[in-house]
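Below is one structure, written out as structure tokens; the observations come after it.
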Amino acid sequence: TNTTSPLEVSGRIGSGRSDPGRFDYKGNIVLKPLAAEGRVEIASFPAHAFKAYYADSLNVDIRRAFASYRGTVRYATSPAGMSVKLAGDTALDDFRANSVSLTQSPGFDRNTNQLLSWKTLSLRGLQVSLAPNAPPNVDVRETTLTDFFARVIVDPTGRLNLLSLTNKGEAEAAAAAAAAGEASTRKGPGGTTTTTAAKASAPKAAPSILAGISVSASASCLRSGGKW
């Protein structure tokens, strides 16, 4: 029904040997059409335990990721689609991601496939707005990143391996490489035509590698009015 009812939900969820994370929701809910508005607190939620739901879209293996959020949420459904608004602070702690395909390069240690890690990624003053038929809108007042590590590999074409974190990014890289090898046709004297196949230039040296990047930094006023 369209009657507004109070709702309080709390629970704990754990994964592996870490302490269980917790979540709490206090607010209101409407069942038809489905809508909810209230305050949410999430602490040390093991996001890696649910990677089966998002692993198909990534080209990396999320080994650890603990999410936290404290703020408000507004959710509503309509014939056009769903609308979501978030306002609060969020963090992703103790993040570890591995990848076999994105960490391979001649002369590099093949016994490790660690790609990304950090201790804390904190977004304070986060505001997110999702609406039907509109691009996502994201506003972050302050961003803090500590103990960041990334294995960065630049291939002979100048492309960074980190651009292929998603399967979509990897497909775009493959399409660009295929386009570089497409045949081209030009007209010569007397109306003759010559068709040549473009060949990718041979690498002059092994890919440039920059490994073990460590960063502790903060930034302010990150805004995105388009796709994130």
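What you are looking at is a predicted structure, and each value in this text was computed from that prediction instead of being measured. FYI, side chains are in, hydrogens and waters are out, and symmetry mates aren't considered; it's all heavy atoms of this structure.
- How far CG of Leu86 is from OG of Ser129: 9.0 Å, rounded to the nearest 0.5 Å.
- Contact detail for Leu34 and Thr77: the closest heavy-atom pair is O-OG1, 2.9 Å.
- Considering every non-hydrogen atom in both Met82 and Tyr75, the closest pair reads SD-CE1, 3.7 Å.
- Residues Asp61 and Asn113 fail the side-chain proximity criterion, which asks for heavy atoms closer than 4.5 Å.
- What you find for Pro6 and Asn28 is that their closest heavy atoms are CA-OD1, 3.7 Å.
- Gln127 CD to Arg141 CZ: the interatomic distance, rounded to the nearest 0.5 Å, is 9.0 Å.
- Using a 4.5 Å heavy-atom cutoff, the side chains of Phe149 and Gln114 are in contact.
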Verdict with supporting geometry, Leu160 and Val152, side chain to side chain contact (heavy atoms under 4.5 Å, CB included) = CA-CA 7 Å; Leu160 293 176; Val152 181; 3.6 Å; yes

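- The side-chain heavy atoms of Tyr25 and Val73, taken from C-beta on, include a pair separated by under 4.5 Å.
- A salt bridge links Asp94 to Arg64: at least one charged side-chain nitrogen sits closer than 4.0 Å to a carboxylate oxygen.
- Tyr69 and Thr90 make their closest contact through CD1-CB, 3.9 Å (heavy atoms, listed as atom of the first residue, atom of the second, distance).
- The distance from the OG atom of Ser99 to the CZ atom of Arg151 is 10.0 Å, given to the nearest 0.5 Å.
- The environment of CZ in Arg63 is sparse: at most 12 heavy-atom neighbours from other residues, nucleotides or ligands sit within 6.0 Å.
- Minimum interatomic distance between Asp89 and Gly125 (heavy atoms only, all atoms of both residues): OD1-N, 2.8 Å.
- Crowding of Arg96 atom CZ: a count of heavy atoms from other residues, nucleotides or ligands under 6.0 Å exceeding 12.
- Two rings, from His48 and Phe95, have their centers 6.0 Å or more apart.
- Contact annotation: the side chain of Ser83 never approaches that of Ser78 to less than 4.5 Å [non-hydrogen atoms, C-beta and beyond].
- The pair Lys26-Asp24 does not meet the salt-bridge criterion, since no charged nitrogen lies less than 4.0 angstrom from a carboxylate oxygen.
- By the 4.5 Å heavy-atom criterion applied to side chains, Leu145 and Trp118 are counted as neighbours.
- Of all non-hydrogen atoms in Thr72 and Arg39, the two that sit nearest each other are CG2-NH1, 4.2 Å.
- Annotation: the span from Phe45 atom CZ to Phe66 atom CZ amounts to 11.0 Å, rounded to 0.5 Å.
- Annotation: the span from Thr146 atom OG1 to Leu121 atom CG amounts to 8.5 Å, rounded to 0.5 Å.
- To the nearest 0.5 Å, atoms CG (Leu123) and OG1 (Thr143) are separated by 5.0 Å.
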request  = Mind running side chain to side chain contact (heavy atoms under 4.5 Å, CB included) on Leu126 and Val138 for me, showing each step along the way?
outcome  = CA-CA 7 Å; Leu126 172 70; Val138 180; 4.0 Å; yes

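- In this structure, Pro46 and Ile13 have side chains that are in contact, with non-hydrogen atoms separated by less than 4.5 Å.
- A side-chain donor-acceptor contact under 3.5 Å links Ser68 to the backbone of Ser44.
- In this structure the side chain of Asn98 never reaches within 4.5 angstrom of the side chain of Leu115, judged on heavy atoms.
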